[in-house]
Amino acid sequence: MKEINNQAEDLTVWLNTSAIVDLGPIIAGVQVFGPETRQAFQRDLLAWYDQEKRDLPWRENQDPYRVWVSEIMLQQTQVDTVINYFNNFMKVFPTIADLAQATEADLLKVWQGLGYYSRVRNMQAAARDIMANHEGVFPTEIKAIKALKGIGPYTAGAIASIAFNQAVPAIDGNAMRVLARLFAIDADIAVAKNRKIFEEIGSYLIDYNRPGDFNQAIMDLGSSYCSYKNPQPELSPIRAYNLSTLNGTTLAYPVKSKQKKARDVYYQALLIENQQGQILMIKRSDGQLLKNMWSVPLLESRRDQVTDYQYVVAETSANYQVSPIVMKEPLAEIKHIFTHLKWHIRPFYMRLRPEEEALLAKQLDKAYGNSWCWLAASDMDQLPVARVQEKIWQVYRDFKKQ
DNA sequence: AATCCGGGGCC
DNA sequence: GGCCCAGGATT
């Protein structure tokens, strides 16, 4: 006998105080309302959506390319952040063919600052797949959509429903929060297998006439009346159906177990300046975080809180066979937080001796081939760099201004 | 199933 | 400082 997730005593609220007129099936252990109420729920939700939906650039039409680009950008990224990136991306790569032909540097440049850079690399792989195997036309079958690189269950559902009017759910963190509150579901949304519960419920709830709008309405709800921190469930268009609202337990849902803390990593950044006032930049290699983006050399400290000027001098000499004039103290202490790492960076400014510049170039050619260069502060927009690199360069520019 | 992968916003 | 965000690939 399968345990019912939401409690029977809670459910009576539905029948006593709200618009629920029929109890429906138990789906993946969750008691939901029946088909009649479902119809009213869809009607109220979509009526609200028609009046209040956000005006977003990717909602201009149902072009699958635009929907696709927006969905990839929106993975783990907030709407406000995405809007400008989206408009620029469509300008630079107006078609799937343009995306397929781009250089990696151009891809990274367009994505610079958005994070999770494999998203855009995967998108190009998918674009090339579409050109080679789908005659340049975005596939319509959900299995084919999900087979594209970078497209998982959520994004496949979003594209299939929004661009192609297919009645499939699109379950992301937003949707899980909305549904968990709607039915008072106790399942831990951090546990991967529990996503299936929400997919089944989403499949049950979805409006077959307007699946794309239905899924987007859930998202808009999740960013407004059903937001994580400051929800206003009593004003929500679905308040009459919402079990946690009726029980006053909104903030108890969704249940989510904690993730681990980011690990501290300590670096010294080498700001090596040549005679022209340029700084040494190196392209990060394939195996590294932020791969193929450009960075000043980073030394990983062997112990926490290393400020040791002598360590910097020794490592610079060992790595590059030169002995620049190094400032005794770091210019700053920069913190940069990734999901799983917390970088602490101390930038050291050093000036190369004139007679050693040619020697250094030779060493760099040997060690890095084409993957290094001298860069003036004013030319930083020429190379793809991650945000942490901009922070380091800001410290450098501030120092030079003094 | 757990880990890796960015960056910004909010409290 | 902690958690969230229109997640997916890899192991």
Side-chain angles (χ1 to χ4, degrees), chain A residues 53-54 56 58-59 66-86 108 111-123 125-126 145-163 169-178 188-196 198-199 202 212 214-224 226-231 251 254-265 284 286-293 335-343 384-391:
Chain A
K53 69 177 170 186
R54 290 173 290 180
L56 301 169
W58 47 90
R59 286 180 174 173
R66 294 172 68 87
V67 174
W68 175 35
V69 172
S70 72
E71 289 301 339
I72 300 296
M73 284 189 174
L74 286 161
Q75 289 170 5
Q76 300 299 103
T77 310
Q78 307 201 124
V79 168
D80 290 343
T81 305
V82 165
I83 291 175
N84 288 337
Y85 280 96
F86 175 82
L108 291 174
W111 214 262
Q112 178 170 324
L114 259 187
Y116 286 137
Y117 297 92
S118 64
R119 286 185 291 176
V120 71
R121 278 188 277 259
N122 288 338
M123 204 159 47
I145 295 172
K146 191 148 54 173
L148 295 170
K149 203 135 190 193
I151 296 183
Y154 162 73
T155 305
I159 295 173
S161 62
I162 297 170
I171 302 302
D172 63 344
N174 249 321
M176 286 194 282
R177 182 176 58 256
V178 171
D188 185 348
I189 66 169
V191 175
K193 67 177 163 59
N194 285 339
R195 194 172 44 77
K196 195 158 167 290
F198 296 92
E199 281 177 346
F214 179 90
N215 283 337
Q216 293 184 89
I218 296 288
M219 296 168 196
D220 278 15
L221 208 55
S223 73
S224 57
C226 195
S227 68
Y228 174 70
K229 276 288 185 193
N230 295 317
L251 293 178
V255 175
K256 186 174 186 183
S257 54
K258 287 179 188 146
Q259 66 175 56
K260 286 191 340 192
K261 232 183 90 179
R263 179 168 46 97
D264 290 298
V265 185
R284 293 174 68 80
D286 257 9
Q288 290 180 302
L289 183 64
L290 303 172
K291 64 178 172 183
N292 295 348
M293 304 189 84
K335 279 185 212 158
H336 189 77
I337 300 177
F338 301 94
T339 304
H340 59 301
L341 295 175
K342 184 169 177 182
W343 281 10
V385 298
R387 193 66 89 205
V388 61
Q389 208 56 215
E390 298 184 49
K391 291 183 186 174

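So that the names make sense, note that chain A is the first sequence line, chain B the second, and so on, each numbered from 1.
- The gap from the C1' atom of dA1(B) to that of dC5(C) amounts to 23 Å, rounded to the nearest Å.
- Between the side chain of T339(A) and the base of dG6(B) there is at least one donor-acceptor pair of N/O atoms closer than 3.5 Å.
- K391(A) contributes a side-chain N or O that, together with a main-chain N or O of K335(A), makes up a donor-acceptor pair within less than 3.5 Å.
- Atom CG of L290(A) and atom C1' of dG7(B) are 11 Å apart (whole Å).
- Residue contacts for L289(A): at a heavy-atom cut-off of 4.0 Å it reaches the sugar-phosphate backbone alone, with no base atom in range.
- Nearer the 5' end of DNA chain B, as judged by each residue's closest nucleotide, is the contact made by A192(A), out of A192(A) and A386(A).
- A donor atom on one side chain and an acceptor atom on the other are found under 3.5 Å apart for R59(A) and Q216(A).
- L221(A) places its CG atom 12 Å from the P atom of dA6(C), with the value rounded to the nearest Å.
- Residues from residues 70-86 of chain A that place a heavy atom under 4.0 Å from any atom of DNA chain B, listed by number: Q76(A), T77(A), Q78(A).
- Salt bridge annotation for R387(A)-E390(A): present, with a cationic side-chain nitrogen under 4.0 angstrom from a carboxylate oxygen.
- In the set dG8(B), dG7(C), dC5(C), the nucleotide with an atom closest to the side chain of T155(A) is dG7(C).
- In this structure, Y117(A) atom OH and dG7(C) atom P are separated by 18 Å, rounded to whole Å.
- Side-chain nitrogen and oxygen atoms of K260(A) include at least one within less than 4.0 Å of the OP1 or OP2 phosphate oxygen of dT3(B).
- When the nucleotides dC5(B), dT10(C), dG7(B) are ranked by their closest atom to the side chain of F338(A), dG7(B) comes out on top.
- In this structure a side-chain-to-backbone donor-acceptor pair under 3.5 Å is missing from Y154(A) to Q75(A).
- Using a cutoff of 4.0 Å between basic side-chain nitrogens and carboxylate oxygens, D220(A) and K53(A) are not scored as salt-bridged.
- Comparing dT11(C) with dG6(B), their P atoms sit 15 Å apart, to the nearest whole Å.
- Side-chain atoms of N174(A) and R177(A) include a donor-acceptor pair closer than 3.5 Å.
- Contact detail for A170(A) and A158(A): the closest heavy-atom pair is CB-N, 3.7 Å.
- Taking only side-chain nitrogens and oxygens, K229(A) never comes nearer than 4.0 Å to OP1 or OP2 of dC5(C).
- Straight-line distance from the CD atom of Q288(A) to the P atom of dC5(B): 11 Å, rounded to whole Å.
- For the OP1/OP2 pair of dC5(B) and a distance below 4.0 Å, the side-chain nitrogens and oxygens of H340(A) include at least one atom meeting the criterion.
- What separates CH2 of W343(A) from C1' of dG7(B) is a distance of 13 Å, to the nearest Å.
- At dC11(B), one or more side-chain N or O atoms of N230(A) fall inside 4.0 Å of OP1 or OP2 (strictly under the cut-off).
- Separating the CZ atom of R387(A) from the C1' atom of dG8(B) is a distance of 9 Å, rounded to the nearest angstrom.
- Rounded to an integer number of Å, the gap from NZ of K335(A) to P of dG8(B) is 16 Å.
- When the P atom of dC4(B) is taken as reference, atom CG of N122(A) falls 18 Å away, rounded to whole Å.
- In this structure, R59(A) reaches the bases: a heavy-atom distance under 4.0 Å links it to at least one base atom across the strands shown.
- Between H336(A) and dG7(B) there is a side-chain polar atom (N or O) within less than 4.0 angstrom of OP1 or OP2.
- Within the structure, every side-chain polar atom (N or O) of R121(A) is placed at least 4.0 Å from both OP1 and OP2 of dA9(C).
- The base of dA6(C) lies close enough to the side chain of R54(A) for a donor and an acceptor atom to sit less than 3.5 Å apart.
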Task: side-chain hydrogen bond (donor to acceptor under 3.5 Å, both in side chains) between S224(A) and R54(A), intermediate numbers included - done: CA-CA 10 Å; S224(A) 57; R54(A) 290 173 290 180; over 6 Å; no
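- A sub-4.0 Å separation between OP1 or OP2 of dG6(B) and a side-chain N or O of Y116(A) is absent.
- dA6(C) and dC4(B) have their P atoms separated by 24 Å, given to the nearest Å.
- Using a 4.0 Å heavy-atom cutoff across all strands shown, G113(A) reaches sugar-phosphate atoms only and no base atom.
- W343(A) is listed as a side-chain neighbour of V388(A), based on a closest heavy-atom distance under 4.5 Å.
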